[in-house]
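Heads up: the structure comes next, in C-alpha cells.
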Protein chains: 2
Amino acid sequence: MALELLRSVPLFAGLEEEVLAEVAAWARPRHLGREEVLFRAGDPFRGFFVVCSGHIQLSRLASTGQEKVVELIGPKETFAEAVLFLDQPSYPVEARGLAPTELLELPAEPFNRLLDERPHLTRNLLGTVSRRVHRLVQDVAALTLQDATGRVVGYLLARADQAGQEGGRVSLPVKKAAVASRLGVQPETFSRVLARLREAGAIEVERERIRLRDPDRLAQFLP
Amino acid sequence: MALELLRSVPLFAGLEEEVLAEVAAWARPRHLGREEVLFRAGDPFRGFFVVCSGHIQLSRLASTGQEKVVELIGPKETFAEAVLFLDQPSYPVEARGLAPTELLELPAEPFNRLLDERPHLTRNLLGTVSRRVHRLVQDVAALTLQDATGRVVGYLLARADQAGQEGGRVSLPVKKAAVASRLGVQPETFSRVLARLREAGAIEVERERIRLRDPDRLAQFLP
DNA sequence: CGCAGCCTTGAAAGCTATCAATACTAGTGG
DNA sequence: CCACTAGTATTGATAGCTTTCAAGGCTGCG
C-alpha cells in the first residue's frame, strides 16, 4: 500500500497522518520495465518520484553517445524533487529502469500547494535536497582527488556502512557496468580494480556479492 | 549598504521590504583577507554567507594535501545555505578568500525562524539550492564525459553567456590555478589547453582577459 | 544445447599528471 | 626610477593511469 511506503520515506518522515494520506491520494502508481525510459533529459517536468521496488538509473548523455550514470536510486528513495524549483522545470537527466520497478509519481501541482500549507514538509524537502548537494560535492571531489581504485574502495566502504550488513557484506544494487559509470570508470577498469583488491586479499567477489574481508587493508588503497 | 546589496541577491528577490530589512539587521559584516580561511571542512555550522565584493573559493582537501576547488563564489552570490538543513550541520568544504573580500554572515538561528514565517523566502531558498544541485550534476557529468579541453571550452562559453559581455569577452574571476582546479585540471594542463585554443585562432588571451574570437570554432572542441 | 548478455582479461594508445626549468608580472624597497 | 623578489604562468619531457579495442569465458535462459 502506498501510504505504508510513504511513511518510511525520509522526505515524509514525521508528517501528520492526514498529510501523508493526502500525498498518498495524489500519488500515481507507475510501473517501469527493464531498460524502459521514464523521462529523458529535457522533458518538461510533470512530477517527481518515489521508488517502491526495483532500481532507477539517472544518467546524462553526451553527444558522442556515451552516458554517465549520475545516480542510482533504490527503494524508499526519491528523485527529481529538486527539479520542481528550477526556473525552467525540465528534467536535466534521463531516468531509466534497471529492472522491473514500481514507482509512485507525485504530480507537481497538488504537491506545490501542499508545500505552502505544511512548513514541516517544506523543511523535510530542504533537508533532502541539501543532502543531495552534499553527496554531489563529495562525488565531484572524489572524481578529481581520487583515482579509480580510491573511488571503488570508497564506494564499497560507504555501502557497507549504509547497508549495515554485518561481516561487511555488500551487494551491488545493479549490473556492474552501471555501478562503474556511477563511479566514473569504465566497466573494464572496474573489473580490474576488483580483481586487484581480491588478489590483495581485501575482498572476496562472488557474482554481485562482495565480502569486505579486510576493511583496514581496503582502506589502505585510499589515497 | 547591506540592504542595498541584499535586494540584488537572487535568494532574496521579490521579498517584502520589511523582511529584507530584518535580514539586513541580522547580517554581520565580515572581512576576509587574501588566502584567509573563513571556515574549514568539519567546522560547526554558524551561518551562511553573501559575498559583497571579492571572491571566495570553496574547496575540499585530500589527505595527500591536494585540493579541489568545488566552487568559486563572486559578488551577490550566496554559499553554504544548504548546510543549514543537514542533520549534522557542519561545513563540508573549506572557504577561503582569493582576494580581499567583503561578506555578510547570516547567522543560522534568526534565519531559521524567519523561514517558518515567510513561505516566499523558503521558496526562494529551495530554488537556490535546487539550482546548485543542477549545476553540480552538470559538473559531475562534465568531469566524466568531457576531456580537459571540453571542460575548458564549456567553461568559457558558459561564462561568456552569463557575463553577457558583447564580443565574447571573458575574464577569469581569479588566478588561473583556481579556475583550473574548479575545472578538474592541473594548472599546467589549463595553460596548455588555452595555448592550443589560441593557436587554433579560437581565442585571444591577454592576462586574465580572454576574447572568444570564434565561438563556433571553439564549440568544435567540445566532444 | 546453444545463444545472448555480461563480465573478465590482454595489449596498445591516449590523455593528463608530474617533475623540472624558464619567463613573466607585480609589488617592494633602495 | 630601477633593481629585486616572490608569486604566477608557461613550456618541455617523461611517466602513469585509464581508456579503447579485441577476444575469450561465464551464466542464465529459451
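Predicted model only: the values in this text are computed from it and were never measured. Every chain is numbered from 1, with letters handed out A, B, ... down the list of sequences. The basis for the numbers below is simple: all heavy atoms, side chains too, and nothing from hydrogens, waters or symmetry mates.
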Report the distance from atom [atom1] of [X] to atom [atom2] of [N], rounded to the nearest whole Å.
X: A:Arg207; N: C:dG5; atom1: CZ; atom2: P; answer: 17 Å
X: A:Glu188; N: D:dT19; atom1: CD; atom2: C1'; answer: 8 Å
X: B:Leu143; N: C:dT16; atom1: CG; atom2: P; answer: 12 Å
X: A:Asp147; N: C:dT16; atom1: CG; atom2: C1'; answer: 13 Å

Report summary line: Of the listed D:dC17, C:dT25, D:dT11, the closest approach to the B:Arg198 side chain comes from D:dT11
Report task. Name the closest nucleotide to the B:Ser191 side chain, picking from D:dT18, C:dT18, D:dT10. Result ->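 Nearest to the side chain of B:Ser191 among the choices is D:dT10.
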Report task. Confirm from the modelled atom types if B:Arg192 and C:dT18 form a donor-acceptor pair under 3.5 Å, side chain to base only. Result -> yes
Query raised in the report: Which of these passes side-chain contact (heavy atoms from CB on, under 4.5 Å) with B:Arg131: B:Val133, B:Thr128, B:Val129?
Result: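 Between B:Arg131 and the candidates, side-chain contact (heavy atoms from CB on, under 4.5 Å) is satisfied uniquely by B:Thr128.
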Requested in this report: Run the numbers on A:Tyr155 and A:Val185 for side chain to side chain contact (heavy atoms under 4.5 Å, CB included), then give the verdict.
Outcome: CA-CA 12 Å; A:Tyr155 178 78; A:Val185 164; over 6 Å; no
Query raised in the report: Can we say A:Arg96 and A:Glu67 salt-bridge, meaning some charged N sits less than 4.0 Å from an Asp/Glu carboxylate O?
Result: yes
Query - Residue closer to the 5' end of DNA chain D, B:Val174 versus A:Gln186 (nearest nucleotide) - result: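 Nearest-nucleotide comparison on DNA chain D picks B:Val174.
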Query raised in the report: Under 4.0 angstrom, heavy atoms only, what part of the nucleic acid is A:Arg34 near: base, sugar-phosphate, or nothing?
Result: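 Result for A:Arg34 = sugar-phosphate.
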Query raised in the report: Side chain of B:Lys68, backbone of B:Ser59: donor and acceptor closer than 3.5 Å?
Result: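 No, because the side chain of B:Lys68 does not come within donor-acceptor range (under 3.5 Å) of the backbone of B:Ser59.
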